[in-house]
Amino acid sequence: MLNTTQPKEVFLADYQAPDYLVDQAALTFELASDMTRVRSVLSMRKNPQGQLNDCVLDGEQLKLISIKIDGRELQGNEYQCTDSALLISSPPDKFELEIETEIFPEKNTALEGLYHSGRLLCTQCEAEGFRRITYYPDRPDVMAVFTVSIVADKVLWPIMLSNGNLDGQGQFDDGRHWVRWHDPHPKPSYLFALVAGDLYCQQDSFVTASGRQVQLEIFVDPENSHKCDHALSSLKQAMKWDEEKYGREYDLDVFMIVAVNDFNMGAMENKGLNIFNSACVLASPETATDNDYYMIQSVVGHEYFHNWSGNRVTCRDWFQLSLKEGFTVLRDQQFSADMNSAAVKRIDDVNQLRNLQFAEDAGPMAHPIRPASFIEIGNFYTVTIYEKGAEVVGMIKTILGEQGFRKGTDLYFERHDGQAVTTDDFIKAMEDANDIDFSQFKRWYTQAGTPELTVTTHYDSSANRYHLRIEQSCPATPGQKEKQPLYIPVAMGLLNKQGDAMAMQLEGEENAYPDETRVLIVSEQQQEFTFINVATEPVLSLLRNFSAPVNLSMARTNSELAFLMANDNDSFNRWDASQRLVINVLMQLVESVRAATVLTVPDEIIKQFSLVLAKAEEAPDLVTKMLTLPSENYLAAQAKPADVDAIHSARNHLKRSLAQALKQQFTTLYDKLNSTGNYRFNADDMAKRSLKNCCLDYLLTTQDPMQVQRCLKQMKQADNMTDTLAGLSILVEYEGPETEHAVRAFYEQWQHDRQVVDKWLAVQAKSSLPNTLVRVKGLMKHPAFSITNPNNVRALLGQFCRNNPVNFHALDGSGYQFLVEQILQLDKLNPQIAARLLGALNSWRQYDEQRQQMIKQALQKIAEQPELSSDVYEVVTKYLAV
Ligand code: 0A1
Ligand code: ZN
């Protein structure tokens, strides 16, 4: 008997082709809650590219019942079984392997493999969950054609689903029924799925560009039957969009989505049978906010787009995860931008990147979008792989242009259809289709850390020349001290003092560039660009639309920023200028708080906000983004050591001062926007609601009882969850009986609805009022909370630890102690969720000495526990290593 040891690090450099391949996999499931029997018949053959004669299959938490080769039962000495593998020595070159195992879904709280969500049985196999279902070469470069039969009690499990097309069904005399599904497209085991339960099904259909009729089905708990419309229409939008934008059609007779309440992530792209966290699919105006509607549209798109970027062309190994995720995130971002406002979408994406991914890149878990090693792949479903991965593919698109990029993706899909490939193959397709050399660009795949561009300019009025000097650098990250220069597309424009675009002609060019925005390539450590025929001193608009995931270091006065905020013809940069202006002011205020001096808010910012408010109705969505101050977490990352209390006070002070100075404008705008008639989910109405609620948020910071009444009134009158929840989340910052009453009433009204109850938990967990930890602990005992439900954990514990810095980082250490207790409890139940929650300490080195000491002790306490999961083990040891 072999034995498993300490969690082991795996390296990309050690990749070896599989020794045995599977051509066909025929699986039969006999379902029962406590025990499910799985019979697997695999047509296997030796891989000519393989090395070993032995056949090793992955398997975890399985009870092996029998094993046969070509119909002959193996004796105990013909195979070896450990707690993670089954080894068959020197089988024939081609053989049929038949294995029976028993698995125990009721005991499965990790939510990987086959598990229960309420009475529903479902699977989650990415990345390595299939090995908890049966013994199998559970790696993405082994692709097989699956045929799946399911047998179960007809009353308990009337609906039984798997991948592909329905291939047969029938009844047995004993009250059980059966179905058979066949998926003609060879796929890796991580895309396998099975669902069984008593579900309502909403149907629709879609005709593809080439005339294929596709049945669309959404399966949900019967009580949610009225919450499917939005996901279904998003799905149809996504199918059409992928045909038009990428020439990609759907390829099965049916496309199914199932909503489950217990799910570790957002959703999963299993072939033909997507499984969704119910929070990412169910929506009705009364229960879902505008943000939910928006997010559902993008997640439905994301999972659907994986059918090509991920399923038809998949990953060779898990180091290539960003091959499918980065590209698919870019695709879903483009889809959302096309369906809604492109500028606002870009601002949201960049905000997320700066808040989360830049922090990850600056912390102990920093990794390139193609990591060189990992201990637990579950820890690498990160904002770096996803969002930075999307930025990198987006830069390729910027460099090649829309058409060149499409030529590249066409070649990629055509060349690699049905294969498991690498990020190098993706780049090669881009190069070959465009006759371009991306060797330097490929460093983005192997270097971690957020690059910094240091920019200086000089205007030479006597020669009418404008010099732009850009220097690039990248901070050291764990295991990567030295960095090489990257290939960076920097989109820019020049404005004159009236705010008009100026012609751009670089030295050596015959003519001025025809467009208002041009892309410069920065590929050396230092580069200078000289513009000629520049008649007056220009104002520089740099990194338009955030053309590269970098930090800009450029000295800019507040008045220059105010100018760009008002005049830049790039909407993204108008917003960015507003943020930089606010950050300048806030950093000053933080200093004053720390020095205990008088806090003064410069007139300039009040004036700018007033101008923005005066024109708010012209572009309400963009204005809302401009009025929204950067998060406390983002501010904390800007200055070391991060003083959470000073940041909180400074930010509140600025908000209150703006609210007081501009009270009239906020009030008028609020009243005007508050009468928008019946709820509709469309970009216009959504923009108005967000602006209105932003005004209300400012108004309440004055703590004026009249504003509290305004908030309560909105909650009472609202016909939609956006306005109701906005009211509640603003109120929880106000200490008083009104708030307590509103919190109670909200629960009473919505206690039957899980999605809404999670919002209720999250809102309370985020309150910056001093008794929040006590409240959170109390809510953990509330009947609405279950520690085994990931959505509950994210809503209550995740929000408290990640998005409530003043309370989580309280100087008495209570927040840290609380986190340790929760991690230790969760690690026994659901290691992926435990490791994610620990991510709240990612930036621990940015805090003051006293807090760092306490966090270090907290981490050590976790590290000392015997039998930590590999998930938590990897995070905690990496955190302690910096
Ligand atoms: N591929 C999915 C993400 C996903 C990954 C792991 C999961 O189980 C732990 C579930 C989903 C996506 O990108 O949507
Ligand atoms: Zn994905």
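Computed from a predicted structure; not experimentally measured. Counting starts at 1 for both ligands and their atoms, in listed order.
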query: Can a cation-pi geometry be assigned to Lys442 and Phe438, taking NZ or CZ under 6.0 Å from the six-membered ring centre and within 45° of the ring axis?
result: no
- prompt: Is Arg131 positioned over the aromatic face of Tyr135, cation under 6.0 angstrom from the ring centre and no more than 45 degrees off axis?
  reply: no
message: List the residues meeting side chain to side chain contact (heavy atoms under 4.5 Å, CB included) with Leu12, not counting sequence neighbours, and say none if there are none.
response: Arg316, Asp317, Phe319, Gln320, Arg370
Under a 3.5 Å threshold, I'd like every N/O contact between ligand 1 and protein atoms, with atom names and distance.
from: ligand 1; atom 1: 1 (N); to: Glu126; atom 2: OE1; distance (Å): 2.6
from: ligand 1; atom 1: 1 (N); to: Glu269; atom 2: OE1; distance (Å): 2.7
from: ligand 1; atom 1: 1 (N); to: Glu269; atom 2: OE2; distance (Å): 3.4
from: ligand 1; atom 1: 1 (N); to: Lys324; atom 2: NZ; distance (Å): 3.4
from: ligand 1; atom 1: 1 (N); to: Glu325; atom 2: OE2; distance (Å): 3.1
from: ligand 1; atom 1: 8 (O); to: Gln124; atom 2: NE2; distance (Å): 3.1
from: ligand 1; atom 1: 8 (O); to: Glu126; atom 2: O; distance (Å): 3.2
from: ligand 1; atom 1: 13 (O); to: His302; atom 2: NE2; distance (Å): 3.3
from: ligand 1; atom 1: 13 (O); to: Glu325; atom 2: OE1; distance (Å): 2.9
from: ligand 1; atom 1: 13 (O); to: Glu325; atom 2: OE2; distance (Å): 3.0
from: ligand 1; atom 1: 13 (O); to: Tyr386; atom 2: OH; distance (Å): 2.7
from: ligand 1; atom 1: 14 (O); to: Ala267; atom 2: O; distance (Å): 3.1
from: ligand 1; atom 1: 14 (O); to: Glu303; atom 2: OE1; distance (Å): 3.1
from: ligand 1; atom 1: 14 (O); to: Glu303; atom 2: OE2; distance (Å): 2.5

- prompt: So what does the His302 NE2 - the Zn ion (ligand 2) - His306 NE2 angle come to, to 10°?
  reply: 100°
query: Considering only N, O or S atoms, which atom of Glu325 is nearest to the Zn ion (ligand 2)?
result: OE1
task: Keeping the roles fixed (side chain from Asp827, backbone from Leu868), state whether a donor-acceptor pair exists under 3.5 Å.
output: no
- prompt: If you look only at pairs with a residue in residues 188-197, which of them pass as a side chain to side chain donor-acceptor pair (under 3.5 Å), with sequence neighbours excluded?
  reply: Asp138-Ser189, Tyr190-Thr314
query: Taking only residues at least two apart or on different chains, which pairs with a member in residues 785-799 satisfy salt bridge (charged side-chain N to carboxylate O under 4.0 Å, His left out)?
result: none
message: Under a 3.5 Å cutoff, is there a donor and acceptor pairing between the side chains of Asp871 and Asn379?
response: no
